[in-house]
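Here is how names work: the chains are called A, B, and so on, in the same order as the sequence lines, proteins then strands, and each is numbered from 1. The figures that follow rest on heavy atoms only: side chains count, while hydrogens, waters and symmetry mates do not.
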2 protein chains.
Amino acid sequence: MNDETQWLSPREQHSWRAFIRLNQKLTARLGSELQTQSKLSGPDFAILVALTDDSAGRLRFQELAKAIDFEQSRLSHQIARMIKRGLVAREECAEDGRGAFVTITDQGRETIEAAAPKHVAAVRRLVLDAIPPEDLDALGDIAARIIRHLDETAP
Amino acid sequence: MNDETQWLSPREQHSWRAFIRLNQKLTARLGSELQTQSKLSGPDFAILVALTDDSAGRLRFQELAKAIDFEQSRLSHQIARMIKRGLVAREECAEDGRGAFVTITDQGRETIEAAAPKHVAAVRRLVLDAIPPEDLDALGDIAARIIRHLDETAP
DNA sequence: ACCCGGTTCTTGACACATCATCTATCGCGA
DNA sequence: TCGCGATAGATGATGTGTCAAGAACCGGGT
């Protein structure tokens, strides 16, 4: 490592730190509201939403992992915990002896249906209410651009 | 909870999901590069930076916690782990028998000085290179606005 | 029919985050 | 001076994330 590092300019640093800080605060805040209002963690919520999005409420581990961008192992642990709590169930796969489905249970469905409105309300109250729609669009566009860049840079 | 929830419009949802997804991907990616290149976690890095920013390289737990927005307990655990690895040290406080300082060690200083350039390079390569400066400014402004809103909404 | 590389998911070890609880000390007011 | 609430920080339990290794199965080539 030489000493010609291109450090961040004050302006860059200011924006960058704000962005990082926002990520942290927001994840913490949304997670905490989810937890106290609905007894769900962020990952719990993401998984239940993904399962609900599927018409059968039932996905292979791979598909689910891809849908929410979880690593295989992380998902495996997460599902194991959720099974204990009765939110989802495991179902063997006839066509492929290795694989398995994750199914949402009735309890899981009730839970997510109760949680979703509260979560949306929190998102609105904490974020959307703070910025005008055109800023949200701008945010979304920039985020999408960076995501594409990340995916290209090293999958 | 009634059934008049104001769900997100498709446009809102699109932007919101992109933003959340970016947060996850980015934290994962930056953390992973930090880990493999410098054997540091995100929290490790944040703490070492904060300590380096201080002229004495030495902060009270409270000050440090505030600087990086960590809860007290989280910081306590984190510092305990970092002490084991020799990155920081604990120093009793003469004026206040309850308190203590966290000091950066020589090894900690070497580590962060080696890590910082690589991290900045990663930030540049993964993010800044993907968007023009004016978009970064816009991002920073929006982030700052939401942060202010979050802090006002419930400190 | 069998081998063998690749796929699918699991598991164990360890780092990290959060919550509730605990200990020690501080400093103020009776 | 004593008592007592408030502050500083530590600790243990539990849930979450990552990595490395493993077990079971698939499918194609021989």
Pairing residues for B:T103 by the side chain to side chain donor-acceptor pair (under 3.5 Å) criterion, not counting sequence neighbours: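 In terms of side chain to side chain donor-acceptor pair (under 3.5 Å), with neighbours along the sequence ignored, B:T103 is linked to B:E91.
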Residues forming a side chain to side chain donor-acceptor pair (under 3.5 Å) with A:E92, sequence neighbours excluded: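 Once residues adjacent in sequence are excluded, the partners of A:E92 under the side chain to side chain donor-acceptor pair (under 3.5 Å) criterion are A:R90.
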Report all side-chain donor-acceptor pairs from residues 126-134 of chain A shorter than 3.5 Å, counting only partners two or more places apart or in another chain.
none

Check whether more than 12 heavy atoms from other residues, nucleotides or ligands sit under 6.0 Å from atom NE2 of B:H14, and answer yes or no.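 Counting other residues, nucleotides and ligands, NE2 of B:H14 stays at 12 neighbours or fewer.
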Nucleic acid contacts - residues 53-64 of chain B versus DNA chain D, non-hydrogen atoms under 4.0 Å: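 Here the set is B:R60, B:F61, B:Q62.
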Near DNA chain D, which residues from residues 90-102 of chain A have a heavy atom under 4.0 Å away?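 Going residue by residue through residues 90-102 of chain A, the ones with a heavy atom under 4.0 Å of DNA chain D turn out to be A:D96, A:G97, A:R98.
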Sequence neighbours left out, what passes ring pair (Phe, Tyr, Trp, His ring centres under 6.0 Å) with A:F45? Give chain and number order.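 By the ring pair (Phe, Tyr, Trp, His ring centres under 6.0 Å) rule, A:F45 matches A:H119.
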Please figure out whether A:T36 or A:Q72 has its closest DNA chain C nucleotide nearer the 5' end.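 Nearer the 5' end of the strand: A:Q72.
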Does A:E33 pair with A:R125 as a salt bridge, N-O distance under 4.0 Å?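 Yes, A:E33 and A:R125 are salt-bridged.
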Side-chain heavy-atom pair B:V88, B:L48 within 4.5 angstrom cut-off: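 Yes - at least one pair of side-chain heavy atoms lies under 4.5 Å apart.
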Given axes from five pairs at either end, by how many degrees does the helix from C:dA1-D:dT30 to C:dA30-D:dT1 bend, rounded to 10°?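 Between the axes fitted at each end of the helix from C:dA1-D:dT30 to C:dA30-D:dT1 lies an angle of 10°.
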Output the rounded distance in Å from [atom1] ([X]) to [atom2] ([N]).
X: A:K66; N: C:dC9; atom1: NZ; atom2: P; value: 13 Å
X: B:M82; N: D:dG9; atom1: CE; atom2: P; value: 16 Å
X: B:L34; N: D:dC19; atom1: CG; atom2: P; value: 13 Å
X: B:I79; N: D:dT11; atom1: CD1; atom2: P; value: 14 Å

For residues 64-83 of chain B, which side-chain N or O atoms pair as donor and acceptor with protein atoms under 3.5 Å away, sequence neighbours left out?
| from | atom 1 | to | atom 2 | distance (Å) |
| --- | --- | --- | --- | --- |
| B:Q78 | OE1 | B:R81 | NH2 | 2.7 |
| B:Q78 | NE2 | B:D44 | OD1 | 2.7 |

Mind jotting down which residue pairs meet the salt bridge (charged side-chain N to carboxylate O under 4.0 Å, His left out) criterion with at least one end in residues 5-25 of chain A? Sequence neighbours excluded, please.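 Every salt bridge (charged side-chain N to carboxylate O under 4.0 Å, His left out) pair that includes a residue of residues 5-25 of chain A, provided the two are not neighbours, is A:R11-B:D137, A:E12-B:R124, A:K25-B:D151.
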Short heteroatom pairs, N/O only, protein and nucleotides 12-18 of chain C, under 3.5 Å:
| from | atom 1 | to | atom 2 | distance (Å) |
| --- | --- | --- | --- | --- |
| C:dG12 | O6 | A:H77 | NE2 | 2.5 |
| C:dC16 | OP1 | B:S41 | OG | 2.8 |
| C:dC16 | OP2 | B:R81 | NE | 2.7 |
| C:dA17 | OP1 | B:R74 | NH2 | 2.6 |
| C:dA17 | OP2 | B:R74 | NE | 3.2 |
| C:dT18 | O4 | B:H77 | NE2 | 3.2 |

What pairs with B:I20 under side-chain contact (heavy atoms from CB on, under 4.5 Å), at least two apart in sequence or on another chain?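 So B:I20 forms a side-chain contact (heavy atoms from CB on, under 4.5 Å) with B:W16, B:Q24.
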What pairs with A:A56 under side-chain contact (heavy atoms from CB on, under 4.5 Å), at least two apart in sequence or on another chain?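 With neighbours one apart ignored, the set is A:D54, A:R58.
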If I compare all heavy atoms of A:A144 with all of B:A18, which pair ends up nearest, and what's the gap?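 Scanning both residues completely, I find the closest heavy atoms to be N-CB, 4.4 Å.
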So, taking the atom named CD in B:Q13 and the one named CG in A:L136, what distance separates them when rounded to the nearest 0.5 Å?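 Nearest 0.5 Å value for the CD-CG distance: 11.5 Å.
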